[in-house]
There are 2 protein chains.
Amino acid sequence: MGLTRTDNYTSEQVNLAQLLKVLGHPARIAIVQSIIRTNKCICGDLVTEIGLAQSTISQHLKELKSVGIIQGTIEGTSVCYCINVETWDRLKLSMNELLNAVDANPNCC
Amino acid sequence: MGLTRTDNYTSEQVNLAQLLKVLGHPARIAIVQSIIRTNKCICGDLVTEIGLAQSTISQHLKELKSVGIIQGTIEGTSVCYCINVETWDRLKLSMNELLNAVDANPNCC
DNA sequence: AAAGTTAATCGTAATATTGCGATATAGCAA
DNA sequence: TTGCTATATCGCAATATTACGATTAACTTT
């Protein structure tokens, strides 16, 4: 099929999976890290920073934007991208809940 | 292409992306949560718990195992799966570093 | 207006993922 | 041995992803 079934899962599971899937690519990790690090509106600098074609970077930005991880506002001829804090906090909560669940219940084998 | 280029990124970026990619599917989130929650060796219970075919569950388990998120030991006729704590701790460190980087540097737009 | 810059979109090719049924493998029970 | 159960693997079809070059859109500068 190739189509992920979503009807068996809670919306929380689907939501977290969606965010992690988008972050599950080194280029998008690098993009997010770069946006965080520069702490300012960066634009096409990513094309030279990461060694990918402009259209490829734009596509990755679109995916990050589509799930609300980043948001962009037009600044003249270029675009300012930054982290969407609401989505980020939601991710942080869900992910920490998952990550910390293991410590409480150590594994058995 | 369809092939992710890895030569532009640090091994940390590739590694984190790999783990997040595998976790980026609701079935695998559900599987991991189930393993954590039951805190014991669960096996084919997943097939009834999650509504997917046995072969599909087996495939998801294989992917989780391939990146070291879970490990399985044979228990007679069934298999005991549990969280691989070393990988989990590595994920926790990398992910927290990324997640907490935003708080320090609030976004600009 | 014309040319330049920046980013998005389109089209395409190669590859990966998802899911299933069918089959194989391996241990346990009769 | 003969079945029974549990899991893994194979083969397949449908769809998604990744990456690129070419083009378009929109704003700036000359």
Side-chain angles (χ1 to χ4, degrees), chain A residues 1-9 13-14 17-31 34-35 40-67 70-82 109, chain B residues 1-9 13-14 17-31 34-35 40-67 70-82 109:
Chain A
M1 303 253 165
L3 181 63
T4 299
R5 294 177 51 178
T6 60
D7 45 319
N8 300 319
Y9 316 104
Q13 288 169 331
V14 173
Q18 193 182 39
L19 293 176
L20 295 184
K21 183 178 187 178
V22 168
L23 286 177
H25 190 291
R28 293 192 287 264
I29 295 272
I31 288 173
S34 179
I35 292 177
K40 62 180 175 108
C41 303
I42 58 142
C43 337
D45 312 328
L46 291 165
V47 176
T48 53
E49 190 170 328
I50 304 166
L52 290 175
Q54 181 266 322
S55 59
T56 307
I57 296 287
S58 188
Q59 206 174 314
H60 283 306
L61 287 169
K62 188 182 179 182
E63 278 183 81
L64 286 166
K65 200 162 62 176
S66 77
V67 297
I70 63 172
Q71 58 196 138
T73 48
I74 299 172
E75 299 262 319
T77 175
S78 58
V79 177
C80 156
Y81 281 109
C82 52
C109 41
Chain B
M1 304 253 166
L3 181 61
T4 299
R5 295 177 50 177
T6 60
D7 46 318
N8 300 319
Y9 317 104
Q13 288 170 332
V14 172
Q18 192 182 38
L19 293 175
L20 295 184
K21 184 179 186 177
V22 169
L23 285 178
H25 190 291
R28 293 193 287 263
I29 294 272
I31 288 172
S34 179
I35 292 177
K40 62 181 174 107
C41 303
I42 57 142
C43 334
D45 313 327
L46 291 165
V47 176
T48 53
E49 189 171 328
I50 305 167
L52 289 175
Q54 181 267 322
S55 59
T56 307
I57 295 286
S58 188
Q59 204 175 315
H60 283 306
L61 288 168
K62 188 182 180 183
E63 279 183 80
L64 286 165
K65 199 162 60 175
S66 76
V67 297
I70 64 173
Q71 58 196 138
T73 48
I74 298 172
E75 299 262 319
T77 175
S78 57
V79 177
C80 157
Y81 280 110
C82 51
C109 41

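Because the structure is predicted, anything quoted here is derived from the model rather than measured.
- Under the 30°/60° scheme for interplanar angles, the aromatic rings of H25(A) and Y9(B) are found to stand perpendicular.
- Taking atom CG of residue L46(B) and atom P of nucleotide dA8(D), one finds them 11 Å apart after rounding to whole Å.
- Per the geometry, CD1 belonging to I70(A) stands 13 Å off C1' belonging to dA7(C), to the nearest Å.
- A close approach under 4.0 Å does not occur between any side-chain nitrogen or oxygen of H25(A) and OP1 or OP2 of dA16(C).
- Put simply, the side chain of L61(A) does not reach to within 4.5 Å of the side chain of V79(A), judged on heavy atoms.
- The distance between atom OH of Y81(B) and atom P of dA8(D), rounded to the nearest whole Å, is 3 Å.
- To the nearest 0.5 Å, atom CG of residue N8(B) and atom CD1 of residue I50(A) are 8.5 Å apart.
- In terms of phosphate contacts, K21(B) brings no side-chain nitrogen or oxygen within less than 4.0 Å of OP1 or OP2 of dT17(D).
- A residue-by-residue look at Q59(B) and S58(A) shows that S58(A) has its nearest nucleotide of DNA chain C further toward the 5' end.
- Atoms CD (E63(B)) and P (dA8(D)) sit 13 Å apart, rounded to a whole Å.
- Between the CD1 atom of I57(B) and the P atom of dT9(D) there is a distance of 15 Å, rounded to whole Å.
- A side-chain donor-acceptor contact under 3.5 Å links S66(A) to the backbone of E63(A).
- When each of A27(A) and S78(B) is assigned the nucleotide of DNA chain D with its nearest heavy atom, S78(B) is the one assigned upstream, toward the 5' end.
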When every nucleotide of nucleotides 22-30 of chain D is labelled 5' to 3' by its protein contacts under 4.0 Å (heavy atoms), B for base, S for sugar-phosphate only, - for none, what sequence of letters results? B----SS--
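- Taken to the nearest 0.5 Å, the CG atom of L46(A) stands 11.0 Å off from the NE2 atom of H60(A).
- Between the NE2 atom of H60(B) and the C1' atom of dT18(C) there is a distance of 7 Å, given to the nearest Å.
- Atoms CD1 (I50(B)) and C1' (dC20(C)) sit 16 Å apart, rounded to a whole Å.
- dT17(D) atom P lies 17 Å from atom CG of L52(A), rounded to whole Å.
- Side-chain atoms of K21(A) and V67(A), non-hydrogen and from C-beta on, never get closer than 4.5 Å to each other.
- Residues L20(A) and V22(B) have side chains not in contact (no heavy-atom distance under 4.5 Å, counting atoms from C-beta outward).
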